[in-house]
Amino acid sequence: MGYFDTLIDKFTEDKELEQAFGKHIHWGYWENPATATGTLTDFAVAANNLSKLVIEKAQISDGVTLLDAGCGFGGTISLLNDTFSNLKLFGVNIDNAQVERATALIKPQNHNQIQFINGNACDLPNFSELFDYAIALECIFAFPSREIFFQQVRKNLKSSGKLIVVDFIINPTISNFWTWFEAQVLSRLITDTYGSKATNQVEFIGIKEYEQIANKTGFKLDKVIDINKNVQPTYPVINKLIVDNFNDWMTAKGLEIFSKFNLINYQILVFK
């Protein structure tokens, strides 16, 4: 059982932890990383700011229909619900405990409609209408197949719609070493952190591979927004949780080191 699988149980005894991870289960974004304080409270603000940035870059507005695949506790949908009106919001997540929490805590307002669904992003349910937007925020590496997910989104997305993916992108200069690192270290990081409910395997890819998947599934990569330097303060916060709970220093530091030297980059990808 991974750390995020146990979060809900920990929330009752640690309110600061709930503040940090009770809505968002993804990295934080700091416009100026030097201002980060390393506290869970600061991280909570930064995690919310990452969702704000994704919404901004997607150019979401009132009255649209949106799918959040791998929605976790529903933090991005909650932010959309607070910010816009007349939205139709669907969150799909494989962990039913997270879906239940999101459903219990996030109530529609501003004439919005919200539905959280326990399901697989690579086997989406039948929806009554097509989406204007689909988002996969820091979760696609845990999906069974990126290509199948893109296919599923394509058939549920309007011809004018956008798919926004936030992911860790491999620098092609380390592709050979990465194969070993991914199998020996990174899979353990993701399983230990995000939990066995989410995945037993992780696969990170490069931009070239994303372009190939897009071409095969009827998409085109429209924008690449690199925010790697802006997420760096996440690592001390997350690493402490991993070390404290799993005593796994190598797993904790591995991804941070690659990220620090831009061998793996945290990016927002916009597909049309």
Side-chain angles (χ1 to χ4, degrees), residues 2-4 20-21 24-40 42-54 57 70 72 135-143 146 164-195 198-199 201-210 221 223-246 248-270:
Y3 185 78
F4 283 126
F21 296 105
H24 300 285
I25 312 178
H26 56 67
W27 271 201
Y29 173 85
W30 288 261
E31 182 67 29
N32 179 3
T35 63
T37 64
T39 65
L40 288 176
D42 179 62
F43 174 77
V45 173
N48 198 58
N49 284 341
L50 178 59
S51 285
K52 285 183 178 180
L53 181 68
V54 171
K57 297 303 181 182
I135 294 174
L137 203 173
E138 197 186 303
C139 56
I140 197 169
F141 51 75
F143 292 175
R146 284 179 176 84
I164 297 90
V165 174
V166 182
D167 200 4
F168 302 89
I169 305 299
I170 299 172
N171 186 316
T173 62
I174 63 163
S175 57
N176 291 335
F177 176 74
W178 187 259
T179 302
W180 173 87
F181 180 78
E182 191 169 63
Q184 299 299 320
V185 179
L186 192 60
S187 289
R188 191 166 75 247
L189 167 65
I190 300 303
T191 301
D192 284 354
T193 306
Y194 287 89
T199 183
Q201 183 177 353
V202 59
E203 181 185 16
F204 287 1
I205 63 174
I207 286 294
K208 181 179 179 180
E209 288 78 11
Y210 262 114
L221 180 57
K223 293 180 183 178
V224 177
I225 303 158
D226 192 300
I227 56 170
N228 197 51
K229 68 180 180 63
N230 305 96
V231 304
Q232 292 303 310
T234 297
Y235 290 103
V237 178
I238 296 295
N239 290 350
K240 184 177 186 303
L241 298 178
I242 295 173
V243 172
D244 288 350
N245 286 273
F246 298 102
D248 193 344
W249 185 88
M250 183 178 180
T251 293
K253 295 295 291 184
L255 187 56
E256 178 181 8
I257 292 169
F258 277 97
S259 181
K260 181 177 180 180
F261 291 100
N262 296 312
L263 298 175
I264 184 167
N265 292 295
Y266 197 93
Q267 298 180 338
I268 301 171
L269 311 181
V270 180

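Keep in mind that this is a model prediction, so the values were computed, not measured. Quick note: residue numbers are just sequence positions, from 1.
For the atom pair CG of Leu221 and NZ of Lys208, the computed distance is 14.5 Å after rounding to the nearest 0.5 Å. Atom CG of Asn171 is separated from atom CZ of Phe261 by 13.0 Å, given to the nearest 0.5 angstrom. Distance check: Leu50 CG to Ile227 CD1 gives 5.0 Å after rounding to the nearest 0.5 Å. Atom CG of Leu40 sits about 6.0 Å away from atom CZ of Phe21, to the nearest 0.5 Å.
Between Ser51 and Leu137, the shortest heavy-atom contact is OG-CD1, 3.8 Å. The minimum heavy-atom distance between Asp42 and Gly38, with the atom names listed, is OD2-N, 4.1 Å. Here the closest heavy-atom approach between residue Ala36 and residue Trp30 is recorded as CB-NE1, 3.5 Å. Shown here for Gly28 and Phe43, the closest heavy-atom pair between the two residues is N-CE1, 3.6 Å. Here the closest non-hydrogen pair linking Val237 and Thr39 is CG2-O, 4.5 Å.
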From CA spacing to verdict: side chain to side chain contact (heavy atoms under 4.5 Å, CB included), Leu53, Asn49: CA-CA 6 Å; Leu53 181 68; Asn49 284 341; over 6 Å; no
Asp226 vs Ile169, side chain to side chain contact (heavy atoms under 4.5 Å, CB included): CA-CA, chis, key distance, verdict: CA-CA 10 Å; Asp226 192 300; Ile169 305 299; over 6 Å; no
Pair Arg146-Ile205, side chain to side chain contact (heavy atoms under 4.5 Å, CB included): steps then yes or no: CA-CA 10 Å; Arg146 284 179 176 84; Ile205 63 174; 3.4 Å; yes
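Between the side chain of Gln232 and the backbone N or O of Lys229, no donor-acceptor pair lies under 3.5 Å. Counting only distance, with no hydrogens or angles, the side chain of Asp167 and the backbone of Glu138 share no donor-acceptor pair below 3.5 Å. Using a distance-only test at 3.5 Å, with no hydrogens or angles considered, no donor-acceptor pair links the side chain of Asn265 to the main chain of Gln267.
Phe258 is not listed as a side-chain neighbour of Ile170, based on a closest heavy-atom distance of 4.5 Å or more.
In this structure, Trp27 and Tyr266 have parallel ring planes: the angle between them is below the 30° cut-off, well short of the 60° mark.
Between Asn262 and Asn228, the side chains place a donor N or O and an acceptor N or O closer than 3.5 Å (distance only, hydrogens not considered).
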